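Data block below; observations after.
These numbers were taken from a predicted model, which means no experiment stands behind them. Just follow the structure's listing: the first ligand is 1, and inside any ligand the first atom is 1. In this chain, residues are counted from 1 in sequence order.
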Amino acid sequence: MTFTELPVERANRLINHGPTVLVTSKYQEKANIMTAAWCMPASHKPPMVAVSIGLKRFSHELILQGKEFAINVPNSKLLKEMWCCGTKSGRTKDKFALCGLTPVVGKHIEAPLIGECLGAIECRLESNPLAGDHSIMVGEVLAVWAKPGVFEERLRVEKEEAQTLHHLGGKDFCVPGKIVTI
Ligand SMILES: Cc1cc2nc3c(=O)[nH]c(=O)nc-3n(C[C@H](O)[C@H](O)[C@H](O)COP(=O)(O)O)c2cc1C
């Protein structure tokens, strides 16, 4: 065997570093933001995305009640704000004010988008299968937004302003280094 075996708890660390996102949700008057590294595209037709959210998160409650959410993509300049959204609960606090982010009205959903982010995906909750202590919140994509200049056919991560954050685990993140094209 040419591999070193790792504990099963480390599986996520091999594939953890897709872009870290900020998930927004709203139910009645309460809007919230939470950081999520466990996020992925899930279907082409219809377009769907998915994010894995812990059962104890306040966002879990809000998404099930509001039946919608948005996935917002921060750039590396939002490191502190992203950390704030991922280490504080919105149950008793307004995280937009607490973490210094600006709510922006979306087109299809009540949950706000985040003005400082590179882009955002508005979603209607399609299903929420249970995965252990998390729910996979599967969202049907209703609208997709990107800031001018950061998206041409793909995210232009080679531009500093469009550099996404990728969670390696613990307090470590990486940003895209270089583009390789086949
Ligand atoms: C970098 C980072 C990535 C995270 N990824 C996830 C994730 O994918 N799913 C999840 O349920 N929680 C994740 N968390 C934890 C939540 O963001 C955190 O528990 C947050 O306080 C929940 O907020 P809420 O209770 O207001 O919903 C992450 C936290 C950090 C800092």
Side-chain angles (χ1 to χ4, degrees), residues 8-42 48-104 106 109-123 125-139 141 155 157 163-176:
V8 291
E9 290 78 19
R10 282 287 174 259
N12 67 302
R13 296 261 168 126
L14 287 189
I15 54 173
N16 211 70
H17 46 296
T20 300
V21 300
L22 299 175
V23 179
T24 44
S25 51
K26 186 174 181 183
Y27 180 63
Q28 294 178 342
E29 291 317 301
K30 188 75 192 167
N32 196 28
I33 319 173
M34 74 157 253
T35 302
W38 295 359
C39 181
M40 65 173 189
M48 289 184 189
V49 292
V51 57
S52 182
I53 301 208
L55 302 180
K56 292 183 182 157
R57 315 285 186 235
F58 182 49
S59 301
H60 191 279
E61 226 172 279
L62 288 185
I63 294 172
L64 288 188
Q65 289 169 325
K67 303 205 177 327
E68 54 167 49
F69 60 93
I71 289 175
N72 302 267
V73 183
N75 67 7
S76 55
K77 290 180 187 151
L78 295 172
L79 184 66
K80 282 196 186 134
E81 291 81 351
M82 174 280 300
W83 192 253
C84 175
C85 293
T87 50
K88 308 270 190 291
S89 178
R91 202 176 288 280
T92 53
K93 293 182 187 109
D94 171 4
K95 271 203 256 183
F96 280 94
L98 183 71
C99 304
L101 293 166
T102 312
V104 169
I109 65 174
E110 297 291 319
L113 312 181
I114 300 175
E116 289 80 1
C117 280
L118 294 173
I121 306 171
E122 292 184 45
C123 299
L125 183 66
E126 192 267 339
S127 58
N128 52 295
L130 190 65
D133 56 2
H134 282 57
S135 291
I136 313 294
M137 300 293 188
V138 180
V141 176
L155 212 47
V157 293
Q163 273 194 337
T164 41
L165 279 166
H166 301 258
H167 191 213
L168 292 164
K171 291 189 166 181
D172 290 335
F173 293 80
C174 58
V175 294

Considering only N or O atoms, set out every pair between ligand 1 and the protein closer than 3.5 Å, with distances to one decimal place.
| unit_1 | atom_1 | unit_2 | atom_2 | d |
| --- | --- | --- | --- | --- |
| ligand 1 | 5 (N) | A37 | N | 3.0 |
| ligand 1 | 8 (O) | A37 | N | 3.1 |
| ligand 1 | 8 (O) | W38 | N | 3.0 |
| ligand 1 | 9 (N) | S52 | O | 2.8 |
| ligand 1 | 11 (O) | G54 | N | 2.7 |
| ligand 1 | 11 (O) | R57 | NE | 3.0 |
| ligand 1 | 12 (N) | R57 | NE | 3.1 |
| ligand 1 | 12 (N) | R57 | NH2 | 3.2 |
| ligand 1 | 14 (N) | T35 | O | 3.4 |
| ligand 1 | 17 (O) | T35 | N | 3.4 |
| ligand 1 | 17 (O) | T35 | O | 2.8 |
| ligand 1 | 19 (O) | R57 | NE | 3.3 |
| ligand 1 | 19 (O) | R57 | NH1 | 3.3 |
| ligand 1 | 21 (O) | K88 | O | 2.8 |
| ligand 1 | 23 (O) | K95 | NZ | 3.0 |
| ligand 1 | 25 (O) | F58 | N | 3.0 |
| ligand 1 | 25 (O) | S89 | OG | 3.0 |
| ligand 1 | 26 (O) | N32 | ND2 | 2.8 |
| ligand 1 | 26 (O) | G90 | N | 2.7 |
| ligand 1 | 26 (O) | K95 | NZ | 3.0 |
| ligand 1 | 27 (O) | N32 | ND2 | 3.4 |
| ligand 1 | 27 (O) | F58 | N | 3.3 |
| ligand 1 | 27 (O) | S59 | N | 2.8 |
| ligand 1 | 27 (O) | S59 | OG | 2.5 |

How long is the gap from CG on N128 to CD1 on I53, to the nearest 0.5 Å? 10.5 Å

Applying side chain to side chain donor-acceptor pair (under 3.5 Å), can you list everything that pairs with N32, at least two apart in sequence or on another chain? S59

Give me each pair satisfying salt bridge (charged side-chain N to carboxylate O under 4.0 Å, His left out) with a member in residues 51-61, each pair once, sequence neighbours excluded. E61-R91

Could you tell me whether E116 atom CD has more than 12 heavy atoms of other residues or ligands within 6.0 Å of it? yes

Quick one: list whatever passes side-chain contact (heavy atoms from CB on, under 4.5 Å) with A36, sequence neighbours left out. V21, V23, M34, V51

Between W38 and H134, how do the two ring planes meet: parallel, tilted or perpendicular, split at 30° and 60°? tilted

